[in-house]
Amino acid sequence: MEKLMITASISGAEVTKAQNPAVPYTVEETVLEAKRAFDAGASIIHLHVREDDGTPTQSAERFKIVMEDIKKECPGVIIVPSTGGAITMTAEERMQPLTLNPEMATINCGTCNFGGNDIFVNTEETIIKFAQRMKENGIKPECECFDKGMIDMILRIAKKGYINMPMHFNFVMGLNGGITATARDFAFLRDSLPQHSTLTVTGIGKDQFKMVAIAIAEGVNVRVGLEDNLYLEKGVLAKNNGELVSKVVCIAKLLGREIASPAEARSILGLTK
Ligand code: KMH
Ligand code: ZN
């Protein structure tokens, strides 16, 4: 079975220190969380940045500082800046980290409910704009799909030539507004992917480690981190991102799956930058 790529979603845009004091805001806290995840076995960091008071920002300047420091502390790690940002942001605002020419960046493949009264808006035109910008700059998109229709949407866009093959996907499952985090729905989504795609699976909240177990057993890759889940186990807050990654490594070991290094992850993803 192919080695396991572990992505750590260390910070996010929505979670707060009030929910878990380990959520990083400052540059130093964010870099330390990346290092903890890296040291525990993550080869990929999915990155959001915050102002010191916790306000999410897509400022290229802030991303640049954090990314440079993460690269120093975590040699070889793959950094995937978010272009999802926060739901209050415009598409132009969200696109700012692309000016830094990262190896990869996320692309969100459709509009969805985002809990309560919130909507995460990604129109077809916006998605094409993001994809075009990434293609022009040799940035590989991580196609974030919260539901089956989002896979269909991004495949239609790819067919028009806006995205190179093979594609990389991240299924976000269990979000209040997206597809449920079940083995049945995972299989249903995976069956829709083009041949030779690479795939990571993210379970939200209490579904994080259920999806980790399913994904590891099925030979696909996983994402864990405080952005998606604040708890190590029921009722026990994670002390940091490293703990969440260590739990993945433990499950992988039990199931006989080796962990990919950043160099191996780069090769699996076909990154050439
Ligand atoms: N914060 C969400 C609105 C991404 O990073 O690309 C979007 C998100 C997805 O987190
Ligand atoms: Zn994110």
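Fair warning: this is a prediction, and the values are worked out from it, not measured in the lab. Every number for a ligand or one of its atoms is a count from 1 in the order of the listing. Scope of the values below: all heavy atoms of this structure, side chains included, with no hydrogens, waters or symmetry mates.
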Please classify the I107 to ligand 1 contact at 4.0 Å (heavy-atom distances, strictly less than): side chain, backbone, both or neither. neither
Do the charged groups of E144 and R223 touch, with an N to O distance under 4.0 Å? yes
State whether K17 and E29 are salt-bridged, where the test is any N-O pair (Lys NZ or Arg NE/NH1/NH2 against Asp/Glu carboxylate O) under 4.0 Å. yes
Short N or O distance, T83 and ligand 1, threshold 3.5 Å exclusive: no
May I ask whether E142 has any heavy atom positioned less than 4.0 angstrom from an atom of ligand 1? no
Quick check: do E264 and M5 have side-chain heavy atoms less than 4.5 Å from each other? no
Tell me which protein heavy atom sits closest to atom 10 (O) of ligand 1, plus the residue, atom name and distance to 0.1 Å. E227 OE2, 2.9 Å
Per atom 1 (N) of ligand 1, closest listed option by heavy atom (A105, G85, A86, A13): G85
E14 heavy atoms, cut-off 4.0 Å: which ligand 1 atoms fall inside? 1 (N), 2 (C), 3 (C)
Numbering the atoms of ligand 1 from 1, which are under 4.0 Å from a heavy atom of S82? 4 (C), 5 (O), 6 (O)
Check this for me, if you would: do K247 and E233 make a salt bridge, where the nitrogen-to-carboxylate-oxygen distance has to be below 4.0 angstrom? no
Carboxylate-amine/guanidinium contact K64 E68, below 4.0 Å: yes
Closer than 4.0 Å to some heavy atom of T106 - which atoms of ligand 1 meet that? 4 (C), 6 (O)
Can you tell me the protein heavy atom closest to atom 9 (C) of ligand 1 and the distance? N108 OD1, 3.4 Å
Is the shortest distance from a Lys or Arg side-chain nitrogen in E218 or R257 to a carboxylate oxygen in the other one below 4.0 Å? no
For G149, is there any backbone N or O sitting under 3.5 Å from a side-chain donor or acceptor partner on D147? no
Restricting to non-hydrogen atoms, name the atom on V77 and the atom on A42 that form the minimum distance, rounded to 0.1 Å. CG2-O, 4.4 Å
Numbered atoms of ligand 1 (with element) below 4.0 Å of F120, judged on heavy atoms: 3 (C), 7 (C)
Indicate if the distance from the Zn ion (ligand 2) to the nearest N, O or S atom of E227 falls below 2.8 Å. yes
NE2 (H46) to the Zn ion (ligand 2) to NE2 (H48) angle, given to the nearest 10 degrees: 100°
